[in-house]
Amino acid sequence: MVKKKGEHYKCDICNNEVVVTLVGGGPLCCCGQPMVLLDTWAVTADEIKKPKKSPKK
């Protein structure tokens with residue numbers, strides 16, 4: 001069950017990885033099975049900055 005932003009999950013079957021950016025409640029599933037919680041990343045979604053748009057020419 002996803003609990004907070006920054007949690008890092010991995011699928012044991014296909015090796016897809018997910019970092020939570022929005023907690024919506026419920027488990028993360030991949031390949032028909034729940035994903036495994038690996039750790040919580042030091043950088044959370046709130047700290048990730050979007051690239052700046054380049055000015056129009």
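Starting from 1, each residue takes its place in the sequence as its number. Side chains included, hydrogens not; waters and symmetry mates left out as well; all remaining heavy atoms used.
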One should read off an interatomic distance between Cys14 SG and Met35 CE, to the nearest 0.5 angstrom, of 6.5 Å
Does any part of the side chain of Leu28, heavy atoms only, come nearer than 4.5 Å to the side chain of Val20, both counted from C-beta?
yes
Of all heavy-atom pairs linking Val19 and His8, the shortest is CG2-CD2, 4.1 Å
Between the CG atom in Asp12 and the CD atom in Gln33, the distance rounded to the nearest 0.5 Å is 7.5 Å
ask   = Is Ile13 reachable from Val18 through a run of hydrophobic residues whose side-chain heavy atoms are each under 4.5 Å from the next?
value = no
Between Tyr9 and the options Asn16, Val2, Asp39, the side-chain contact (heavy atoms from CB on, under 4.5 Å) test singles out Val2
Sequence neighbours excluded, the answer for side-chain contact (heavy atoms from CB on, under 4.5 Å) partners of Lys4 is Glu7, Thr40
- Task: May I have the step-by-step check of side-chain contact (heavy atoms from CB on, under 4.5 Å) for Lys10 and Asn15, ending in yes or no?
- Result: CA-CA 6 Å; Lys10 184 174 183 180; Asn15 293 320; 3.2 Å; yes
